[in-house]
Amino acid sequence: MNVFSAFKANVEKEIEFLVANGDLPNGTDTSRISVELPRDPSHGDLSTNAAMVLAKPAGLETRDLAETIAERLLTVESVESAEVAGPGFINLRLANNFWFQQLDNILKAGTAYGQSDLGQNRAVNVEYVSANPTGPLHVGHARGSVVGDVLASLLAKAGFAVTREYYINDAGGQIDALARSAFLRYREALGENIGGIPEGLYPGDYLKPVGQELADREGDKWRDAEEAQWLPFVREFSVAAMLDLIRNDLDALGIRHDFFSSERELVEAGAVDKVMETLQADDLLYVGTLEPPKGKLPDDWEERPQMLFKASKYGDDTDRPVKKSDGSWTYFASDLAYHQDKYRRGFPIMIDVWGADHGGYVKRVSAGINALTGGEGKLDVKLCQMVRLLENGEPAKMSKRSGTFVTLRDLVDAVGKDVVRFIMLTRKNDAPLDFDLVKVREQSRDNPVFYVQYAHARCHSVGNMAREAFPDADLTTEGLRRADLTRLTESDELALIRSLAAWPRMVEAAAEAHEPHRLAFYLYDLAASFHALWSKAREEPGLRFVIADDEELTRGRMALVRAVQTVIASGLEVMGVTPVDELRE
RNA sequence: GCGCUCGUAGCUCAGUAGGAUAGAGCGCGGGAUUCCUAAUCCCGAGGUCGCAGGUUCGAAUCCUGCCGGGCGCACCA
């Protein structure tokens with residue numbers, strides 16, 4: 001519950017009264033009523049569109065109705081004034097005590113503030129990272145990882161029962177290529193000169209230790225064996241090694257999944273065959289010939305009949321192949337099995353985080369889920385655009401240990417986990433992101449990580465100052481709850497409380513929209529308000545948080561500072577960023 | 001050619017459930033500054049929200065068409 005929905009309930013109650021009173025017709029629909037923060041603070045504390053939404057269906061004049069509603073709203077507790085403005089908004093001014101109560105709520109709840117029951121404990125599955133287990137994660141994965149992880153935390157904060165899932169694509173041809181690459185490194189470890197790594201295999205050095213370990217454990221027993229003999233073993237061994245590598249990388253970013261789902265296991269358990277039987281039974285499979293793609297024709301295009309899924313029946317542009325030319329299932333086929341499995345494990349709400357280059361894939365998977373769950377399963381795919389690494393505006397020339405790309409590990413080593421996590425959320429997921437390795441270490445206002453962390457540190461530091469000024473005062477959070485908040489009379493202070501009180505609503509809105517980046521922007525704005533108040537006190541000493549000869553006022557203001565600190569910490573917690581108490585080097 | 005996605009200040013981007021006079025940072029112009037914790041602060045200029053229609057009491061936001069950028073486009077994952 002947040003102040004807005006709480007007040008909406010009040011408005012609805014008064015509308016019911018007006019209906020009972022005959023001022024509004026029976027069956028008046030209140031669902032479109034909203035209670036908002038007015039854009040311009042001088043308009044009041046809260047604002048509702050009730051009259052504008054209800055007037056027309058009721059056949060009433062908007063402003064007349066607004067006056068009627070406004071009059072009723074005056075009877076609501078804490079409402080000091082209700083004025084009709086503009087095209088029919090009702091602006092409410094609330095007693096300061098209302099806001100002091102919000103402040104106390106923050107201190108009482110601590111960083112749990114903002115926790116919501118919006119999700120009603122409904123199960124949500126967030127699948128993210130899901131990189132092929134063929135090598136270390138790179139910078140692009142870092143973005144999807146953070147977006148997925150924070151979205152999961154956000155949903156948990158909003159009251160959903162969240163499962164974080166990683167789908168291991170360990171069944172395709174790229175895994176054989178991995179095994180062959182590892183086998184080469186194995187022969188190399190046994191002293192053989194392997195020359196260059198052939199085209200199509202993975203050249204990265206990260207496979208050297210895998211080859212070495214194979215040699216250490218297996219000796220030369222596989223060296224002269226046929227591929228068919230060593231492949232299964234080496235495949236399993238190297239996939240396990242790659243997953244360890246990936247898990248390590250994710251650990252460095254503070255990411256841990258609840259569930260790892262293996263494509264290979266699904267396939268081996270016959271899940272794909274079963275899903276195809278289901279589709280067959282529903283008459284959704286047929287053998288047909290697809291039109292060649294328009295535009296550039298692939299070199300090896302050949303027209304041939306294929307087994308197709310009727311994706312077009314569920315909103316896709318065309319039907320989609322489920323079998324390859326060699327008779328094996330396509331990746332899409334196992335993806336259908338995977339999502340069906342996920343649904344059956346109890347997740348009607350599924351969120352997948354993918355790279356934007358997979359955008360063309362969304363419709364067919366949604367179509368598949370639709371077909372397989374009778375429309376019950378809902379998939380939302382978050383597509384993440386590219387990350388461009390820069391150094392002072394120039395393309396970064398970071399050392400590339402992997403040989404071909406900058407790894408997630410390189411990035412975390414260079415700037416730290418917290419910076420990576422925060423910066424990855426400073427853009428909407430579907431907008432390209434510039435990550436400037438130099439700027440993110442700057443201590444200035446245009447570095448959002450620093451700016452937000454600094455606000456938190458400054459709160460902490462103000463606490464120290466207050467303790468020095470009043471060594472005997474009770475400045476614990478519990479103690480501050482007994483401070484005389486009515487001493488907070490400055491408009492800037494009250495404005496700050498309003499921003500803080502918007503946090504629970506922010507959590508709910510961001511969770512509903514599946515947009516974790518909103519957290520970063522909210523925290524930046526909050527930090528800016530706090531810094532602004534601080535700066536203002538340089539010119540107006542009466543605004544300072546610590547007032548030497550007024551302990552009670554200082555305690556009131558410390559309650560506000562503690563609340564700012566708490567909400568920032570709460571936000572950073574959701575983002576998986578550690579709040580710092582000081583920034584001194 | 002089709003699909004997805006984006007198009008907001010000179011630049012990089014927000015815009016909270018369709019709400020009031022569209023915001024921030026950088027840059028630019030002007031001013032303040034031995035300051036409770038420094039990493040500055042304040043003020044100002046700057047906009048046809050890509051274009052054109054439509055829905056609505058009300059559109060940057062929803063719908064349609066066009067223009068422009070990015071991504072993808074049988075079987076690879």
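So that the names make sense, note that chain A is the first sequence line, chain B the second, and so on, each numbered from 1. Remember, predicted model here, so these are calculated numbers, not experimental data.
- Comparing the C1' positions of U34(B) and C41(B) gives an interatomic distance of 15 Å, to the nearest angstrom.
- When the nucleotides C75(B), G72(B), C36(B) are ranked by their closest atom to the side chain of Arg538(A), C36(B) comes out on top.
- No engagement by Thr62(A) is indicated, since no non-hydrogen atom pair under 4.0 Å with the nucleic acid exists.
- If Leu46(A) and Glu303(A) are placed on RNA chain B by their nearest nucleotide, the residue sitting closer to the 5' end is Leu46(A).
- In this structure, Thr330(A) reaches the sugar-phosphate backbone alone: every heavy-atom distance under 4.0 Å involves primed, P, OP1 or OP2 atoms, never a base.
- Ring to ring, Phe530(A) and Phe545(A) are close: their centroids are under 6.0 angstrom apart.
- Ranking C75(B), G25(B), G19(B) by closeness to the Phe89(A) side chain, first place goes to G19(B).
- Minimum atom distance to the side chain of Arg505(A) is reached by A17(B), of the listed A17(B), A24(B), C76(B).
- In this structure, Leu178(A) CG and Thr134(A) OG1 are separated by 6.5 Å, a value rounded to the nearest 0.5 Å.
- Note on Asn429(A): nothing from the nucleic acid sits closer than 4.0 angstrom, heavy atoms only.
- At distances below 3.5 Å, not a single donor-acceptor pair connects side-chain atoms of Arg364(A) with backbone N or O atoms of Asp316(A).
- Counting any heavy atom pair closer than 4.0 Å across all strands shown, Lys536(A) reaches no nucleic acid atom.
- Side chain of His43(A), nearest nucleotide from A20(B), U37(B), A17(B): A20(B).
- Counting non-hydrogen atoms under 4.0 angstrom, Ala85(A) reaches a base of the nucleic acid.
- No more than 12 heavy atoms of other residues, nucleotides or ligands sit less than 6.0 Å from atom CE of Met386(A).
- For U37(B), the base is not stacked against the aromatic ring of Trp534(A), per a cut-off of 5.5 Å between centres and 30° between planes.
- Picking from G19(B), G58(B), G7(B) the nucleotide with the shortest atom distance to the side chain of Lys428(A) gives G7(B).
- Val462(A) comes within 4.0 angstrom of nothing in the nucleic acid, heavy atoms only.
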